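For reference, the structure discussed in these notes is given below.
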Amino acid sequence: MGSDGKPEAFHQTPAIVGLTGGIGSGKSTVVRFFGELGVHWVDADDVAREVVEPGTTGLAKIAEHFGEDILTDEGTLDRAQLRQIVFANPDERTWLESLLHPMIREELIRQLKPENYALPYVLLVSPLLLETDQHNLVSKVIVVDVPVETQIERTMARDANERDQVERIIAAQMPRERRLEKADAIIDNDRPLDDVERQVRELHEKFLVDFG
Ligand code: ADP
């Protein structure tokens, strides 16, 4: 305790633990349990959207490069159109990635340093943690794991997607076995939620010791 009776924020730079898993594996569900234990977390998908919100340098540079037509009437990024352009043109994809990846990385690093934070670790939630250089930011990797069939069923139910659409997305992601090979810890999410919550609590206690 500090002299003012508050817990001392002595973990100036908490360890960063990555949390990943395929689409519909349960990342958002699992990270909510960590959040209830007071763990600070940042979602890489949220940050990827934030860096191209209206008023950002990111969006201004995209509009400068692709023309104002890349914006919707409301002035937001027309993602569907941008996806089409970069899908058809690898050079444009490279241009876009070299603009956005450093911005996303910088913003992730900024948001992963909460003020007045007393726990010794924070979480970076990212579906592409292992596929991108984001894995260089983390000292440990948690994989949220479910069998592919569970992944498909839960994603279809959540997003009202067709099976073949979900299967295509899964095929484009890292295969389950390779992802598990890279895990320092695994959360089995093919379980009732109260069991998943128990796994999260146990891992949290372990991290408090490991990083404390
Ligand atoms: P992700 O963030 O990895 O895409 P979500 O956390 O959104 O995955 O989970 C996918 C869907 O499955 C959601 O609708 C969620 O409510 C549901 N879900 C997640 N974990 C469980 C579980 N253990 N039991 C039942 N449903 C679950």
Side-chain angles (χ1 to χ4, degrees), residues 16-53 77 79-80 82-83 100-101 104-105 107-108 111-112 114 119 121-207:
I16 303 172
V17 174
L19 189 146
T20 192
I23 184 171
S25 60
K27 296 177 292 299
S28 314
T29 304
V30 166
V31 85
R32 268 200 300 276
F33 289 138
F34 277 101
E36 284 167 13
L37 297 170
V39 179
H40 176 75
W41 54 273
V42 179
D43 186 320
D45 277 354
D46 292 343
V47 170
R49 275 190 290 275
E50 285 166 21
V51 299
V52 293
E53 274 171 4
L77 182 59
R79 290 170 182 284
L82 187 62
R83 256 197 309 275
L100 294 182
H101 284 184
I104 293 169
R105 189 182 163 85
E107 184 58 19
L108 282 175
Q111 292 191 18
L112 285 164
L119 295 182
Y121 77 100
V122 294
L123 288 173
L124 167 57
V125 187
S126 174
L128 295 176
L129 183 76
L130 302 171
E131 287 91 334
T132 64
D133 64 0
Q134 283 170 12
H135 67 265
N136 295 326
L137 295 172
V138 306
S139 46
K140 283 211 191 306
V141 174
I142 305 171
V143 168
V144 182
D145 181 59
V146 291
V148 173
E149 188 52 33
T150 306
Q151 212 185 339
I152 294 172
E153 283 167 11
R154 286 186 184 163
T155 306
M156 284 171 64
R158 184 192 60 188
D159 300 343
N161 277 345
E162 297 299 326
R163 170 172 287 266
D164 63 342
Q165 201 176 349
V166 178
E167 283 176 345
R168 268 202 303 278
I169 296 171
I170 291 174
Q173 297 184 333
M174 184 177 282
R176 182 182 181 199
E177 293 311 318
R178 269 199 51 218
R179 197 183 285 116
L180 287 173
E181 278 168 19
K182 294 174 188 283
D184 297 297
I186 297 168
I187 302 235
D188 175 5
N189 193 27
D190 198 24
R191 313 273 311 155
L193 286 173
D194 59 350
D195 184 87
V196 177
E197 189 175 9
R198 179 192 55 78
Q199 293 178 58
V200 167
R201 265 200 316 273
E202 285 176 11
L203 201 51
H204 176 66
E205 294 300 328
K206 178 173 158 27
F207 285 159

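Just so you know, ligand 1 is whichever comes first in the structure, and atom 1 is the first atom listed for that ligand. Source: prediction; values computed, not measured.
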Problem set entry | Selection residues 179-197 - residue pairs positive for side-chain hydrogen bond (donor to acceptor under 3.5 Å, both in side chains), sequence neighbours left out |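 Every pair satisfying side-chain hydrogen bond (donor to acceptor under 3.5 Å, both in side chains) with a residue in residues 179-197: T150-D190, R191-D195, D195-R198, D195-Q199.
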
Exercise. Say you draw a straight line from CG of L124 to CD1 of I142; how long is it, rounded to the nearest 0.5 Å?
Worked result: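 Result: 10.5 Å between the selected atoms.
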
For [atom], grab the closest protein heavy atom and report residue, atom and distance to one decimal in Å.
atom	result
atom 16 (O) of ligand 1	T29 OG1, 4.2 Å
atom 20 (N) of ligand 1	N189 ND2, 3.0 Å
atom 2 (O) of ligand 1	S28 OG, 2.6 Å
atom 26 (N) of ligand 1	R154 NE, 3.6 Å
atom 8 (O) of ligand 1	G26 N, 3.1 Å
atom 13 (C) of ligand 1	R158 CD, 4.0 Å

Side chains of [X] and [Y] in contact at under 4.5 Å (non-hydrogen atoms):
X	Y	answer
N161	R168	no
T29	V196	no
R79	L82	no

Exercise. Should G22 be listed as contacting ligand 1, given a heavy-atom distance under 4.0 Å as the test?
Worked result: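 Checking ligand 1 against G22, which is what was asked, there is a heavy-atom contact under 4.0 Å.
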
Exercise. Non-hydrogen atoms of G24 versus ligand 1: any pair closer than 4.0 Å?
Worked result: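 In this structure, G24 qualifies as a contact of ligand 1 - some heavy atom is under 4.0 Å.
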
For this session: Look only at interatomic distance and state if L193 has a nitrogen or oxygen under 3.5 Å from any nitrogen or oxygen of ligand 1.
Result: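 No: no nitrogen or oxygen of L193 is under 3.5 Å from one in ligand 1.
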
Problem set entry | Nearest heavy atoms of V125 and K27, plus distance in Å |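 Shortest heavy-atom separation between V125 and K27 comes out as CG1-CB, 4.0 Å.
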
Problem set entry | Closest contact, heavy atoms only, A185 versus L203 |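 Smallest interatomic distance, heavy atoms only, reads CB-CD1, 3.7 Å.
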
With heavy-atom distances below 4.0 Å as the criterion, list the atoms of ligand 1 near [X].
X	value
R191	22 (C), 23 (N), 24 (N)
S25	3 (O), 8 (O)
K27	1 (P), 2 (O), 3 (O), 4 (O), 6 (O), 8 (O)

For this session: Describe, in one word, how the ring planes of Y121 and H204 are oriented to each other, choosing from parallel (under 30°), tilted (30 to 60°) and perpendicular (over 60°).
Result: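 Y121 and H204: tilted rings.
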
